[in-house]
Amino acid sequence: MKKEKGRQLAAGLFSLFPVFLTIAIFLLLLAKAFPLLSLKSLPDLIFSSVWQPQKGQFGLWPFILGTIWVTATAFILAAPLSILTAIYISDYASGRLKKWLAPVLDLLAGLPSVIYGMWGILLIVPLVGKYLAPLFGTYSSGYSILTAGLVLAVMILPTIVNVSVEVLSAVPADLKEAALALGATRLEVVRYVVLKKSLPGVAAACVLGLSRAFGETIAVMMVVGNVPLAPTSLFSPAYPLPALLANNYGEMLSIPGYESALNLAAIILLLIVIIFSLAARIYLTRLERRAG
Amino acid sequence: MASQPAGDNSRLKRRRWSESVFKVILLASVILVSLILSIILVSILWKSLPALKLSMILKTPGTGYYLGKSGGILNAIVGSIEIAFGATFLALVIALPLVIYLNTYLKRRSFLAEVIRLSLDVLWGIPSIVYGVFGFLLMLMFHLRASLLAGMITIALVELPILSRAMDETIRLVPAELKEASYSLGATRWTTATRIVLRQALPGLITSVLIALGRGLGDGASVLFTAGYTDRLTTSLLQPVATLPLAIFFQLSSPFPEVQQRAFASAAILTLLILAISLLTRFFGRKLSRHKIR
C-alpha cells in the first residue's frame, strides 16, 4: 500500500507540470518585458508606429497590424472553402472519398511549416508578383500580405476541415433522417438541421484554425517581406509579430530596452493566441460532453 | 400527384434547383481543395526529388559548401533525428505519468483534472516561436549556450501538450468495465493503469508518440535560438546541433543556385521523413488494434 501511495504522489507531481509551465511562461515573459513597461506606457508602445530601436522607439503597431492583416486574409480565404469541404465530407461523400481524403489531410496538417514556406517561394511569390499584382494594376515584389495569406490559408485548411468534420458528424443521424422523411432536400437538411445544431462548433473549428494562423512563424516570414511599416494594401509587404521575434531575438543587442520590447511582443502574441484558442477549446470540450 | 396545385409544383422545382446548385458548389470546393492539396505535394516533390543526391545524405558540409562546393547535410539529418527523438522521450517521461494520473487517480470532472486539462489547452495554443523565446530565456537563466540539450528541452515543451492531449484522448476510450474488472480482482490502481489500461490503449499511444515525433522533426521556430547550428555531427548534449528545417531555411536564402538546389533536396528528405511517420501512424492505428479487447 505504501508503494501505491508513493506512485500516486509521483504521478500527481508530474501531472502538475503543465500548470507550472503555463504559469512560468507567463511570469518569465512578463518579468522580462517589465523594464520597458516602467519607462513607457503600454498604449504608447502598442499604438506607436515608429520602430527605431537605435533611437529607443519601440512602436509595435506595424507588427500588430501586419499580424492582423495576414491572419485575416488567410482566414477569409480558408474558412468558407474548409466549411463547404467539411459539409461535403460529412454529409455527401462516399466512403471511398473519405478514405482517400483523410490521410492526405493528416499528412498536410503534419507537414513542417518550412516546407510550406518553400512552396510559397516557389509558386505563390511568382504568382502574386508576376500575375496577380499586374492584374490589379499595382506593383508587388511578390513578397506580400496576399502571398503570406495564401500560404497560411493552405496551412490552416486541414485543421479547420478535420475539426469541422468531427463536429458535423456528431449531429445525430436520427435528426437528419427525420428531416429527410419529412421530405426535406439534402440542402435543407444541412441548412436547417446540421448547421443549426453544429454552427457554433464549426465556428470554434474556424477559431482554432485562426489561432494557429496567428502564431505561424517560419512559413510566413519567408514570404511576407518583413518591412516594419504599417501595411496599406494586400500587395504591400508586412512584418507580423512572430517574424519580428524570429528575426531579431537571440542576437543579444546592447540597445537598452530592445530585449524588453521583443519580450513584450512575445506576450502580446501569446495573449492573442491563447484567448482565441482557449475559447474555441473550451467550447469544443463542452460540446463533446453534451454529446456524451 | 395530379391534384397538386401549380404553385407547389414550381416551389418543388425551385427547391430541386437550389439543391443541385448547392451540390455543385460543394463539389467545386472539394475539387478545389483536393487540387490545392495535390498541387502542394506534387510541386514540392517535383522540385525537390531531382535535387536529391546520395552525397547529400552521406556527407557533412565540406569547405566552401555554402558557396556551392561539395558536401551534404548529414549533420542536419542526424541532428534532427537526435533532437526529435530526445525531445519525444523527454515529453513522454512527463506525459505518461500525467495521463495515467488524469485517468486513473482523478475523477473525470474533478477540479484538479479540469485545471490540468485547461493548462494543456493553453500550452497547446502557444505558438512554437514563443516556446523558442521561453527556451532562450531559460537558457540564459541556467547559463547554457545554444546546444542539443537546450533545443531538446524546448522541443519537448512544444510536444508536451500535443502528446498529452492525444494520449489522454485514447486512454479515455478504454472502457470502464475493463478497469472495474481489474479492480475487482484486487489489483491496485497503478497495476490496473500499467498492465490493463496502457496495454489496451497501446496502438493509440504509439500513434500519439509518432504524431509528436513528426512535430518535433518539423518544428523550426522553437530551435531557431536554442539549438544553434553546426556543420559537424553533434556528439554531446552541450554542442550546438543542426536541424533540417533550419538547414532548408538558411540554404534557401542563399544567392547561389547550387545551395538553393540543396535546400530543395533537404526539403525532400524532411518531407519523406514526415511521410514515413504519417504512414507508420496509419499502419499502427490499424495493425496493432487487432489485439485490443473490444
Side-chain angles (χ1 to χ4, degrees), chain A residues 4 7-8 10-12 14-19 21-22 25 28-29 32 81 84-85 87-88 92 101 103-104 106-108 110-115 118-119 121-123 154 157 161 185-188 211 214-218 222 242 245-246 249-250 263 266 269-270 273-274 277-278 281-282, chain B residues 15-16 18-19 22 25-27 29-30 32-34 36-37 40 43-44 47 94 97-98 100-102 105 115-116 119-130 133-134 136-137 157 160-161 164 188-190 214 218-221 224-225 245 248-249 252 263 267 270-271 274-275 278 282:
Chain A
E4 174 74 12
R7 281 163 174 165
Q8 177 172 1
F14 273 105
S15 68
L16 284 179
F17 185 79
V19 183
L21 181 61
T22 314
I25 290 176
L28 191 56
L29 285 180
K32 292 286 177 179
L81 204 58
L84 288 173
T85 306
I87 291 176
Y88 189 86
Y92 282 77
L101 216 52
V104 177
D106 280 350
L107 175 65
L108 283 168
L111 219 52
S113 61
V114 70
I115 303 276
M118 190 186 95
W119 177 75
I121 291 180
L122 287 176
L123 239 69
V154 172
L157 216 141
V161 172
T185 61
R186 274 181 150 176
L187 166 63
E188 286 159 353
S211 70
F214 267 123
E216 181 45 54
T217 310
I218 300 240
M222 284 164 89
L245 291 172
Y249 214 88
N263 285 311
L269 181 66
L270 185 67
V273 171
I274 282 183
S277 74
L278 207 56
R281 269 286 169 209
I282 288 174
Chain B
R15 286 172 63 204
R16 278 214 187 117
S18 57
E19 165 79 16
F22 184 59
I25 295 175
L26 283 184
L27 256 179
S29 61
V30 173
L32 187 59
V33 166
S34 321
I36 294 171
L37 301 186
I40 293 173
S43 64
I44 288 171
K47 191 83 191 174
I94 295 170
L98 190 157
I100 289 177
Y101 193 75
L102 263 182
Y105 290 95
V115 170
I116 293 169
S119 63
L120 281 177
D121 282 348
V122 173
L123 292 175
W124 187 90
I126 296 179
S128 65
I129 184 79
V130 175
V133 167
F134 179 68
F136 185 76
L137 292 175
L157 297 182
L160 178 70
S164 314
T188 59
R189 283 173 188 244
W190 184 260
D219 204 285
L224 208 50
F225 337 116
I248 299 169
F249 183 65
L252 211 52
L270 184 56
T271 310
I274 297 290
L275 194 68
S278 182
R282 298 243 132 213

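The model shown is predicted, which means the values in this text are computed figures rather than measured ones. Below, read A as the first sequence line, B as the second, and so on, with proteins coming before strands; counting in each chain starts at 1.
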For this session: Please flag which part of Ser164(B) lies under 4.5 Å from any non-hydrogen atom of chain A: side chain, backbone, both or neither.
Result: neither
Exercise. For Ile36(B), is it the side chain, the backbone, both, or neither that has a heavy atom closer than 4.5 Å to a heavy atom of chain A?
Worked result: side chain
For this session: Identify which part of Val19(A) has an atom lying under 4.5 Å from any heavy atom of chain B, answering side chain, backbone, both or neither.
Result: both
Exercise. Looking at Ile44(B), Ile25(B), Leu137(B), which makes the most heavy-atom pairs under 4.5 Å with chain A?
Worked result: Leu137(B)
Exercise. Who wins among Gly218(B), Ser29(B), Ser128(B), Pro161(B) for the most heavy-atom pairs under 4.5 Å with chain A?
Worked result: Ser29(B)
Exercise. Can you say whether Thr217(A) sits under 4.5 Å from chain B via the side chain, the backbone, both, or neither, judging by heavy atoms?
Worked result: side chain
Seminar exercise, completed: Shortest non-hydrogen pair, Ala263(B) vs Met118(A), comes out as O-SD, 4.3 Å
Exercise. Heavy atoms, side chains only, cut-off 4.5 Å: are Phe14(A) and Ile100(B) in contact?
Worked result: no
Seminar exercise, completed: When the 4.5 angstrom heavy-atom criterion is applied to Ser277(A) and chain B, the contacting part is side chain
Exercise. In Å and rounded to the nearest 0.5 Å, what is the CD1 to CG distance from Ile40(B) to Leu108(A)?
Worked result: 5.5 Å
Exercise. Which atom pair, heavy atoms only, marks the closest approach of Pro18(A) to Ser119(B)?
Worked result: CB-OG, 3.5 Å
Problem set entry | Spacing of Phe136(B) atom CZ and Asn263(A) atom CG [to the nearest 0.5 Å] | 10.0 Å
Exercise. Can you name the nearest heavy-atom pair linking Glu19(B) to Leu187(A), along with the distance?
Worked result: OE1-N, 2.6 Å
Problem set entry | Distance, nearest 0.5 Å, that separates CZ of Arg186(A) from CG of Leu26(B) | 10.0 Å
Exercise. Does some side-chain heavy atom of Ile129(B) sit less than 4.5 Å from a side-chain heavy atom of Tyr249(A)?
Worked result: no
Seminar exercise, completed: Residue set satisfying salt bridge (charged side-chain N to carboxylate O under 4.0 Å, His left out) with Arg15(B), at least two apart, ordered chain then number -> Glu188(A)
Problem set entry | Interchain contact, Leu101(A) with chain B, by part (heavy-atom threshold 4.5 Å) | side chain
Exercise. Heavy-atom distance under 4.5 Å to chain B: side chain of Leu245(A), backbone, both or neither?
Worked result: both
Exercise. If you round to the nearest 0.5 Å, how far is CG of Leu111(A) from CG of Leu275(B)?
Worked result: 9.0 Å
Exercise. For Trp119(A) and Ser43(B), what are the C-alpha separation, side-chain angles and deciding distance, and is it a side chain to side chain donor-acceptor pair (under 3.5 Å)?
Worked result: CA-CA 8 Å; Trp119(A) 177 75; Ser43(B) 64; 3.1 Å; yes
For this session: Answer yes or no: is there a side-chain heavy-atom contact under 4.5 Å between Leu27(B) and Tyr88(A)?
Result: yes
Exercise. Which is it for Val33(B) and Val161(A) under the side-chain contact (heavy atoms from CB on, under 4.5 Å) test, yes or no, and what are the steps along the way?
Worked result: CA-CA 10 Å; Val33(B) 166; Val161(A) 172; 5.5 Å; no
Exercise. Of all of Pro242(A), Ser113(A), Ser15(A), which one pairs up most often with chain B through heavy atoms under 4.5 Å apart?
Worked result: Ser15(A)
Exercise. Closest heavy-atom contact between Phe225(B) and Ala246(A)?
Worked result: CE2-O, 3.7 Å
Problem set entry | pair Pro112(A)-Ile274(B): side-chain heavy atoms closer than 4.5 Å | yes
Seminar exercise, completed: Value for CG (Leu84(A)) from CZ (Phe22(B)), rounded to nearest 0.5 Å, stands at 6.5 Å
Problem set entry | Worked check of side-chain contact (heavy atoms from CB on, under 4.5 Å) between Leu107(A) and Leu37(B) | CA-CA 10 Å; Leu107(A) 175 65; Leu37(B) 301 186; over 6 Å; no
For this session: Please identify each residue that fulfils ring-ring contact (aromatic ring centres under 6.0 Å, His included) with Phe249(B), with sequence neighbours left out.
Result: none
Exercise. Heavy-atom distance under 4.5 Å to chain A: side chain of Asp219(B), backbone, both or neither?
Worked result: neither
Problem set entry | Proximity breakdown for Leu224(B) and chain A, heavy-atom pairs closer than 4.5 Å | side chain
Problem set entry | Beyond-backbone contact of Lys32(A) with Val133(B), side-chain heavy atoms, under 4.5 angstrom | no
Exercise. So which heavy atom on Ile115(A) is nearest to which on Ala267(B), and how close?
Worked result: CD1-O, 3.6 Å
Problem set entry | Tyr92(A) portion near chain B, given a 4.5 angstrom heavy-atom threshold | side chain
Problem set entry | Heavy-atom side-chain contact between Ile126(B) and Ile274(A) under 4.5 Å | yes
Problem set entry | Heavy-atom closest pair, residues Val130(B) and Ala266(A) | CG2-O, 4.2 Å
Exercise. Would you call Val122(B) and Ile25(A) a side-chain contact if the rule is heavy atoms closer than 4.5 Å?
Worked result: no
Problem set entry | Atom pair CD1 (Ile116(B)) and CZ (Phe17(A)), whose distance is rounded to the nearest 0.5 Å | 13.0 Å
Exercise. Among Val114(A), Leu29(A), Ile282(A), Val154(A), which has the most heavy-atom pairs under 4.5 Å with chain B?
Worked result: Val114(A)
